[in-house]
Student: 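I'd like to ask some things about the structure below.
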2 protein chains.
Amino acid sequence: MTSGRSSRGGAPTTEGVSRTASAKAPERGIPEATVARLPVYLRALITLSDREIATCSSEELAAAAGVNSAKLRKDLSYLGSYGTRGVGYDVEYLRYQIAREIGVTQDWPVVIVGIGNLGHALANYSGFSSRGFRIVALLDSDPARHGEPLGDRFIRDFADLETIVREHDVAIGVIATPAHAAQDVCDRLVACGVTSILNFAPSVLSVPEGVDVRKVDLSIELQILAYHEQRKSAAYDADALTEPEIAAAVVESA
Amino acid sequence: MTSGRSSRGGAPTTEGVSRTASAKAPERGIPEATVARLPVYLRALITLSDREIATCSSEELAAAAGVNSAKLRKDLSYLGSYGTRGVGYDVEYLRYQIAREIGVTQDWPVVIVGIGNLGHALANYSGFSSRGFRIVALLDSDPARHGEPLGDRFIRDFADLETIVREHDVAIGVIATPAHAAQDVCDRLVACGVTSILNFAPSVLSVPEGVDVRKVDLSIELQILAYHEQRKSAAYDADALTEPEIAAAVVESA
DNA sequence: CTCAGTTTGTTCCCACGTTCACAAACTCCT
DNA sequence: AGGAGTTTGTGAACGTGGGAACAAACTGAG
């Protein structure tokens, strides 16, 4: 078990207290960056598993996941020592361990709020159900949509939210409404006891402590690409100019 | 005017050389984390602008964008000195400067490949067109879908890709196909000269140097939420156990 | 003009994340 | 058994990012 530890963090600057309340003492603490990659590793392992590959090296798995092998090994080391030196990783075993660590070995009931174009796409998305996420309700505030069949469910009234959340013990909510409705929906979800929210609406949500929000913003992703694309073109332009011309252009733009 | 001054950059820590070769010397280098936030600031400024607010402080803008004000000021400082001390930022002016820096003051033709549920949602998404992104083609390899109207376009054959890309000088492609088709589509896009790709398919794309890929993966986002959700529950469980019991449980699971 | 009040731009420092490089631990062959 | 070859797990160096704090630069009142 290598009780050593040490080296991590090192300076307990703002901690000191810590032991105050109850738990929180060990805080196994898998870094956030690692958590974000675990699902990628899991998918790569599932692919290998489907191809009936029993064992793989960190190099192979890293290639399948699109990362550097040293990073992969360090990431996996936060979970424990699940590999064998000189051999590699057992695909099925590692797959199970990662799935357990992420929590996808259990069933997660999910509600989707806002059944427009995106909501339809989400409701039909097979990637949800295949990873332990079960859509228990599709909610919309527009009465014209109530009762409409979608996937293996029917669209229901957003007013039924609280009943549904309590009945199915829902912890995760997906917001796919227009931006102007997102904060209201979010507040309602939180009030019902939902503590994790995936937000597709282009708006900043404010939530109380203890509630996690992740946002997916299509427009922002495109803008980031546009920025880099613009710089690629600018690099060409810069090559076409001599240094004095660059200096002149800089002054001009100021 | 403030001709001289500058003061940008400040600490030439690891630079020193820099002046060596031709271009690449200045390399204004906005940090990636900052680039990812600029679209958020832009959206916040547009909201303020719509409310006819002429000026705002870093504190106000930071609140609207959901970030810390020191971080916001530092981010903006990479673009230049666009604020006035003791006053704040001119909303319209800053809005324009950020839009120009990101590149959304110009028009970006975009093709979407794979018109399933998600492709439909993307084609109808207003956030694209409102930020300078113009969808010039919706492509799918399924002949049954060709000619189908969607938004203000018709679905066309994927085989037309090269013609369309050359005709409209498309630099950005969106992949919304099933996972198994994504790498092929990606290769075709790259071969036609597309250098920025937004990938919605749950697969790792490999591209040559110089091509940017960003991925949006709904399933991964949910899994990250599930991980944190699981730990919240685990915290409760831990509270219910005494320390020896925790130790026992840990050993057992290993 | 001067002074008090306000807000930006920047510096400094710490925490986090990435990568290299290598010892430890395993397999396989002779 | 022993040694060569392979691959993991991790220590250490490096780079990036975040936040507190403060000097610089502005406004406005007297």
Student: So does A:S77 get a backbone contact from the side chain of A:S81, meaning a donor-acceptor N/O pair under 3.5 Å?
Tutor: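 No; judged by distance alone, with no hydrogens or angles, the pair does not exist.
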Student: Under 4.0 Å from OP1 or OP2 of D:dG9: is there any side-chain N or O of A:Y89 that close?
Tutor: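 Yes.
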Student: Quickly work out the B:D75 CG to D:dG17 C1' distance and round it to whole Å.
Tutor: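 Computing the B:D75:CG to D:dG17:C1' distance gives 10 Å.
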Student: Pull out every protein N or O sitting under 3.5 Å from an N or O of nucleotides 1-3 of chain C, one pair per line with the distance.
Tutor:
none

Student: Would you indicate which nucleotide in D:dG19, C:dG17, C:dT8 comes nearest to any side-chain atom of A:P31?
Tutor: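 The closest nucleotide is C:dG17.
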Student: Donor-acceptor pair, distance only, cut-off 3.5 Å: does the side chain of A:E221 make one with the backbone of B:K215?
Tutor: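 Checking the backbone N and O of B:K215 against the side chain of A:E221, no donor-acceptor pair under 3.5 Å is found.
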Student: Establish, with yes or no, whether the OP1 or OP2 oxygen of D:dG9 is under 4.0 angstrom from a side-chain nitrogen or oxygen of A:S81.
Tutor: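 So the side chain of A:S81 is within the cut-off, an N or O lying under 4.0 Å from OP1 or OP2 of D:dG9.
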Student: Hey, mind stepping through B:Y82 and B:Y93 against ring pair (Phe, Tyr, Trp, His ring centres under 6.0 Å) and telling me if it holds?
Tutor: CA-CA 8 Å; B:Y82 295 140; B:Y93 183 59; 5.6 Å; yes
Student: Base of C:dT10, side chain of B:K74 - is there a donor-acceptor contact under 3.5 Å?
Tutor: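 No, the side chain and the base share no sub-3.5 Å donor-acceptor pair.
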Student: Want to settle it: does A:V87 or B:L76 sit nearer the 5' end of DNA chain C, counting the closest nucleotide to each?
Tutor: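 Between the two, 5'-proximity favours B:L76.
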Student: With no hydrogens and no angle check, just 3.5 Å: does a side-chain donor-acceptor pair link B:R100 and B:T105?
Tutor: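 Their side chains do not contain a donor-acceptor pair, so the 3.5 Å distance test is not met.
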Student: Just by distance, no angles: are the side chains of B:E92 and B:S49 close enough, under 3.5 Å, to form a donor-acceptor pair?
Tutor: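 Yes - a donor-acceptor pair under 3.5 Å links their side chains.
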Student: Write down the distance between CZ (A:R73) and C1' (D:dT6), rounded to a whole number of angstrom.
Tutor: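 Rounded to the whole Å, the gap is 12 Å.
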Student: Which residues pass the salt bridge (Lys or Arg N to Asp or Glu O under 4.0 Å) test with B:E60, sequence neighbours left out?
Tutor: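 B:E60: no salt bridge (Lys or Arg N to Asp or Glu O under 4.0 Å) contacts found.
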Student: Taking five pairs at each end of the helix from C:dC1-D:dG30 to C:dT30-D:dA1, what angle separates the two helix axes (nearest 10°)?
Tutor: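 Rounded value for the end-axis angle: 0°.
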Student: Counting only side-chain nitrogens and oxygens, does A:T84 get under 4.0 Å of the OP1 or OP2 atom of D:dT8?
Tutor: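 Indeed not, no polar side-chain atom of A:T84 lies that close.
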Student: Are B:R37 and D:dG18 close enough that a side-chain N or O sits under 4.0 Å from OP1 or OP2?
Tutor: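 Yes, B:R37 has a side-chain N/O under 4.0 Å of OP1/OP2 on D:dG18.
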Student: Without decimals, in angstroms, what is the distance between B:L72 CG and D:dA20 C1'?
Tutor: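 Roughly 16 Å, once rounded to whole Å.
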Student: Taking the minimum atom-to-atom distance to the side chain of B:K71, which one of D:dG18, D:dG9, C:dT19 wins?
Tutor: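 Within the option list, the nearest is D:dG18.
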Student: When we call it a touch if two heavy atoms are under 4.0 Å apart, what does B:E32 touch: a base, just sugar-phosphate, or nothing?
Tutor: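 Sugar-phosphate only.
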Student: Judged by modelled atom types alone, do B:E229 and A:T195 share a side-chain donor-acceptor pair under 3.5 Å?
Tutor: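 Indeed, the side chains of B:E229 and A:T195 share at least one donor-acceptor pair under 3.5 Å.
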Student: Nearest heavy atom decides the nucleotide; on that basis, is B:S58 or A:G86 closer to the 5' end of DNA chain C?
Tutor: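 Result of the comparison: B:S58.
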Student: For A:S196, run the side-chain contact (heavy atoms from CB on, under 4.5 Å) check against A:D212, A:L189, A:V110, A:V174 and tell me which one passes.
Tutor: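 Testing each of A:D212, A:L189, A:V110, A:V174 against A:S196, the sole residue satisfying side-chain contact (heavy atoms from CB on, under 4.5 Å) is A:D212.
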Student: Can the ring centres of B:Y125 and B:F128 be said to be less than 6.0 Å apart?
Tutor: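 Between B:Y125 and B:F128, the centre distance is under 6.0 Å.
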